[in-house]
Amino acid sequence: MNIAGKIREFIQENLVVWEDDISFSDTDNIFQLGFVNSLFAMKLLNFVEIEFDIKIENNEIELVNFSSVANMERLVKSKLMQAHE
Amino acid sequence: MNNIVTPASIIEEARLFAKEHIRPYTTRFEENNGIPRSLINKMGEHGFLGAVFPPLYGGLGLDPIAYGQMTEEIGKACCSTRSVLTVHTSLVGQTILRFGTEEQRSYWLPLIASGKKIGAFALSEAETGSDAGSVKTSYINHEDEYAITGRKKWISLGHIADFFIVIASCKEKVTAFIVERDETVTSTPMQGLLANRAGHVAEITFNNTRIPAANILGKEGIGLSHIINTAMDYGRYSIAWAGLAIAQEALESMATYARQRTQFGQKIYKFQSIQQMISQAVVNVHAARCLCLKAGQMRSENHPDAVVETIVAKYHTSKTAMQIATDAVQLHGGNGCYNMYVPERLFREAKILEIIEGSSQVLQGIISEFGLKKYYTKAHE
Ligand SMILES: Cc1cc2nc3c(=O)[nH]c(=O)nc-3n(C[C@H](O)[C@H](O)[C@H](O)COP(=O)(O)OP(=O)(O)OC[C@H]3O[C@@H](n4cnc5c(N)ncnc54)[C@H](O)[C@@H]3O)c2cc1C
């Protein structure tokens, strides 16, 4: 599965909405949609670091980096590129 | 201490340490308003205080399960002493390990591991408990330093702490700071507590306390979303084992007393109602242990659901501790209400665990959300 797919799957598993047909696009702000609980930001950071074997620096823990699938994918890709440089 | 430290050897060492340095004095610690600093120093010398830190920072590199088992050994003997592991090592130390800069880690973690500096976690206030984001303690920014003003309450180890992780707010932002005690920081011990009486629980006032920007933990604005949540996750794991410790200790006291006490010409274990209490305690202790081990295993694997599994374990063991401690008092009769026997203290201490690190009611919300998601079967149809 590609990066965006893995992130999307993780988010889906952690949504706290109970309707069956909830959908969100790669650019939707998942925090603004109110789909997640108060533990989510922490869990998401742990997930991204472990799943992609990267270290997110404190200054990169910006909501904007984690707010949507697309933004997270961008962050992960740039970290993976840095790691290979 | 042996040169080669294995998880099993450190757990055994903790057991022997508790037997020699803690158990005989537990009641005295409560009566004298606190565990002595020298005891904390000794725990540092044995490596207990940095047990989960990597050796690079003066730790023993214990895995979560072994750390839990070590916590259990200390917790069985004395909850206030165990609170040093929960607060100083887990809430403070592990959170610095997770979010500290390299400078913060290499400075603070060896000091925590050795016990040379004692750390406390200052979140709660008179008006702020479960709703952690609503802290009134505030900070302002003056160029490259910050100033904190406010009053914290219920801070374990607060009266003897050399430094604090302080949670403060500025407008909408909640931020964590590492704050060293100076003349602007005053503490007042809290008297009259139900339990944790030897844990130096205090009210702490910060009066325009200046902190360099380098002492922000994590980053400005992530105090609630990341720092508190992470610290509480470590704290809850510790409390899960603390609950198991009380439950196990209470069970041992029941089994022992039931075989020694005679009434109506027979040992009381022969009464069916006593057997019922003991059997329930055995089953619940075994179940609680499985949950702690499972949470520990998932934490070692960095499993994404380890946070929830830890909550499940903490919820269960704290309730189990309360139930078994209650039964232990009952089984001991009058002696259960007397501080020459352990159930009296376990009964008081167990209640605290249902309140701290996320009360049972708050955790129920998270557990039910998890269950509604995980055990929804429509997708399988
Ligand atoms: C011995 C001891 C040591 C402590 N040590 C520390 C420490 O080191 N550092 C620190 O910062 N704090 C510490 N605390 C404080 C502790 O963290 C708080 O007591 C705890 O967070 C609960 O907050 P509260 O007491 O304000 O209760 P409240 O939050 O006011 O709760 C009151 C009641 O309402 C319920 N409730 C609250 N919110 C909800 C909800 N959303 N859903 C359902 N029910 C809810 C609670 O379960 C409880 O029954 C300590 C407390 C004790 C007793």
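Numbered from 1 within each chain, the chains take letters A, B, ... in sequence-line order.
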Should N14(A) and F370(B) be marked as a side chain to side chain contact (heavy atoms under 4.5 Å, CB included) after you check the CA-CA gap, both sets of side-chain angles, and the distance that decides it?
CA-CA 8 Å; N14(A) 281 277; F370(B) 173 77; over 6 Å; no
Under 6.0 Å from the [atom1] atom of [X], do we count more than 12 heavy atoms belonging to anything else shown?
{"X": "E172(B)", "atom1": "CD", "answer": "no"}
{"X": "K171(B)", "atom1": "NZ", "answer": "no"}
{"X": "K136(B)", "atom1": "NZ", "answer": "yes"}
{"X": "D53(A)", "atom1": "CG", "answer": "no"}
{"X": "Q12(A)", "atom1": "CD", "answer": "yes"}

Which value, rounded to the nearest 0.5 Å, describes the distance between [X] atom [atom1] and [Y] atom [atom2]?
{"X": "L15(A)", "Y": "K373(B)", "atom1": "CG", "atom2": "NZ", "value": "4.5 Å"}
{"X": "S225(B)", "Y": "L45(A)", "atom1": "OG", "atom2": "CG", "value": "9.0 Å"}
{"X": "E369(B)", "Y": "W18(A)", "atom1": "CD", "atom2": "CH2", "value": "5.5 Å"}
{"X": "N229(B)", "Y": "L39(A)", "atom1": "CG", "atom2": "CG", "value": "5.0 Å"}
{"X": "K219(B)", "Y": "E60(A)", "atom1": "NZ", "atom2": "CD", "value": "9.5 Å"}

Within the 4.5 Å heavy-atom criterion, are M42(A) and I227(B) side-chain neighbours or not?
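No, too far: nothing below the 4.5 Å cut-off.
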F40(A) portion near chain B, given a 4.5 angstrom heavy-atom threshold:
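Neither part.
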Less than 4.0 angstrom from a charged side-chain N to a carboxylate O is my criterion; do E13(A) and K374(B) meet it?
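So E13(A) does not pair with K374(B) through a salt bridge.
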Can E49(A) and R98(B) be counted as an ion pair, charged N to O under 4.0 angstrom?
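Answer for the salt bridge query: yes.
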Heavy-atom pairs under 4.5 Å with chain A are the metric here; pick the option from G218(B), G365(B), G221(B) that has the most.
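With the most close heavy-atom pairs to chain A, the winner is G218(B).
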Interface residue of largest heavy-atom contact number with chain B, from D20(A), L63(A), V17(A), under 4.5 Å
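It is D20(A).
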Can a donor-acceptor pair be found, under 3.5 Å and without considering hydrogens, that links the side chain of N46(A) to the backbone of N302(B)?
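Absent.
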Between N58(A) (side chain only) and G100(B) (backbone N and O only), is there a donor and an acceptor less than 3.5 Å apart?
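No; judged by distance alone, with no hydrogens or angles, the pair does not exist.
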Sort L217(B) into side chain, backbone, both or neither according to what part of it lies under 4.5 angstrom from a heavy atom of chain A.
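For L217(B), neither part sits under 4.5 Å from chain A.
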Apply the test side chain to side chain contact (heavy atoms under 4.5 Å, CB included) to residues V16(A) and L372(B): give CA-CA distance (whole Å), side-chain angles for both, the deciding distance (0.1 Å), then the verdict.
CA-CA 9 Å; V16(A) 283; L372(B) 286 165; over 6 Å; no
